[in-house]
Amino acid sequence: MISRRIVVSLAAGALALTGLSTAALAQEKAAKPLNIVVYGGSGNIGSRIVKEAAARGHHVTVVDRSPKADIAPAGVKLATGDALDPEDVRKNIEGADAVVFSVVVRPAPTPDFALRIAKSAVEGLRKQTGPKKTRLLIVGGASSLFNAQGKRIIDTLPASMRSNGEVGAAVEALDWLRSEVKDSVSWTYFSPASSISPGTRTGKFRVGGEQLVTDANGRSAISMEDYAVAMLDEIEKPRYPNNRFTVGY
């Protein structure tokens with residue numbers, strides 16, 4: 001059953017899709033540089049988020065088990081860390097305005113990997129003791145989104161895919177954030193379009209809430225480069241605190 005909150009969000013999301021985001025056609029320098037930590041910043045999506053953040057003039061730190069210096073933009077700091085260790089998270093995000101968890105591993109090392117990552121991130125934030133609290137942004141999955149008929153994408157998948165722990169854990173991570181974490185820390189879950197792949201940075205896309213963003217032909221897609229643009233837009237000007245959003249052409 002779809003909750004009233006989700007139904008309202010779906011309606012709001014439909015309204016939001018009437019406009020095309022063109023705010024970031026060019027990589028303008030941010031009015032106020034932020035300290036941004038990116039776990040998984042050497043990966044496919046994470047490295048593009050790092051590149052976009054650095055191009056906007058933010059202070060960026062990449063945290064990975066094996067950071068790749070050869071793909072990091074000039075000025076970006078590199079740190080070795082473990083996204084599944086909350087104490088490691090606490091240390092690496094000290095003084096940060098935002099931390100992005102772009103820890104996407106395929107195949108997932110364990111069926112509940114996405115949920116474990118979310119829990120580690122939240123626990124790390126909860127360990128912060130200073131006056132400055134870091135905002136959490138998670139690179140999520142699309143299966144928790146709803147289609148035009150109001151059905152959750154994961155519920156429309158074949159049984160073999162629904163039983164895939166990798167897919168289910170990403171959905172469980174969002175559900176856990178909403179039901180258990182609530183507003184105890186500042187978090188945002190960013191679901192991509194159904195298809196996300198390397199491509200071109202256009203700065204033109206549509207932003208939605210609970211419903212999968214599709215084009216006139218019913219296709220749901222976004223480039224990793226434009227996903228990164230939308231992520232930085234949200235970091236700089238939060239619109240979805242303690243909530244989820246999505247993006248597509």
Side-chain angles (χ1 to χ4, degrees), residues 1-14 16 39-40 45 83-84 86 89 98-127 133-194 196 207-214 220 222 227 230-231 234 238-248:
M1 180 179 293
I2 303 175
S3 70
R4 181 179 182 276
R5 177 185 176 188
I6 298 299
V7 171
V8 171
S9 296
L10 283 171
Y39 269 83
I45 297 175
L84 288 172
V89 173
V99 57
V100 177
F101 268 68
S102 180
V103 185
V104 182
V105 181
R106 292 196 173 97
T110 61
D112 61 345
F113 184 70
L115 179 59
R116 289 172 61 206
I117 287 291
K119 288 185 174 181
S120 175
V122 169
E123 187 175 345
L125 265 69
R126 285 174 170 168
K127 285 177 173 286
K133 304 301 181 184
T134 304
R135 183 182 176 206
L136 169 65
L137 297 102
I138 295 178
V139 174
S143 295
S144 57
L145 291 164
F146 292 82
N147 62 20
Q149 291 72 45
K151 293 183 178 180
R152 218 173 193 188
I153 303 300
I154 191 170
D155 295 327
T156 68
L157 300 176
S160 57
M161 293 186 67
R162 290 200 304 273
S163 61
N164 182 323
E166 182 178 341
V167 175
V171 175
E172 290 171 4
L174 174 60
D175 291 346
W176 176 76
L177 288 166
R178 283 178 160 161
S179 63
E180 301 296 330
V181 179
K182 300 178 182 178
D183 60 356
S184 62
V185 301
S186 179
W187 60 269
T188 296
Y189 186 98
F190 185 8
S191 292
S194 287
I196 179 169
V207 177
E210 294 298 321
Q211 187 170 321
L212 188 72
V213 179
T214 58
S220 175
I222 193 72
Y227 179 94
M231 177 67 85
E234 176 63 22
R239 294 175 57 195
Y240 297 91
N242 302 108
N243 210 340
R244 179 260 295 280
F245 76 107
T246 188
V247 68

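Keep in mind that what you see is a predicted model, and the values were worked out from it rather than measured.
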Any heavy-atom pair between the side chains of Arg244 and Leu145 that's under 4.5 Å?
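With C-beta onward as the side chain, the pair touches.
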Side chains of Leu177 and Val122, heavy atoms from C-beta outward: is any pair under 4.5 Å?
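Sidechains of Val122 and Leu177: in contact.
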Does [Y] offer a backbone N or O that forms a donor-acceptor pair with the side chain of [X] under 3.5 Å?
X	Y	value
Ser184	Val181	yes
Asn242	Arg178	no
Tyr189	Gly141	yes

Working for side chain to side chain contact (heavy atoms under 4.5 Å, CB included), residues Leu174 and Trp187:
CA-CA 10 Å; Leu174 174 60; Trp187 60 269; 4.2 Å; yes
Pairwise distance [atom1]([X]) to [atom2]([Y]) - rounded to 0.5 angstrom:
X	Y	atom1	atom2	answer
Arg126	Lys133	CZ	NZ	12.0 Å
Asn147	Thr156	CG	OG1	6.0 Å
Ile196	Ser220	CD1	OG	10.0 Å
Ser143	Asp155	OG	CG	10.0 Å
Thr188	Glu234	OG1	CD	5.0 Å
Ser144	Ile153	OG	CD1	9.0 Å

Run the numbers on Leu84 and Ile117 for side chain to side chain contact (heavy atoms under 4.5 Å, CB included), then give the verdict.
CA-CA 6 Å; Leu84 288 172; Ile117 287 291; 3.6 Å; yes
What is the minimum heavy-atom distance between [X] and [Y], and which atoms define it?
X	Y	result
Ala193	Gly248	CB-CA, 4.4 Å
Ile154	Gly168	CD1-CA, 4.0 Å
Ala230	Val247	CB-CG2, 4.2 Å
Gly208	Val213	N-CG2, 4.1 Å
Tyr227	Gly140	OH-N, 4.0 Å
Ala114	Ala173	O-CB, 4.0 Å

Working for side chain to side chain contact (heavy atoms under 4.5 Å, CB included), residues Val139 and Met231:
CA-CA 9 Å; Val139 174; Met231 177 67 85; 3.9 Å; yes
Any Lys/Arg nitrogen of Glu172 or Lys119 sitting under 4.0 Å from an Asp/Glu carboxylate oxygen of the other?
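Lys119 and Glu172: not salt-bridged.
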Close aromatic pair by centroid cut-off 6.0 Å: Tyr240 and Phe190
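Not under 6.0 Å, so no.
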List the steps, then state whether side chain to side chain contact (heavy atoms under 4.5 Å, CB included) holds for Asn243 with Glu210.
CA-CA 10 Å; Asn243 210 340; Glu210 294 298 321; 3.9 Å; yes
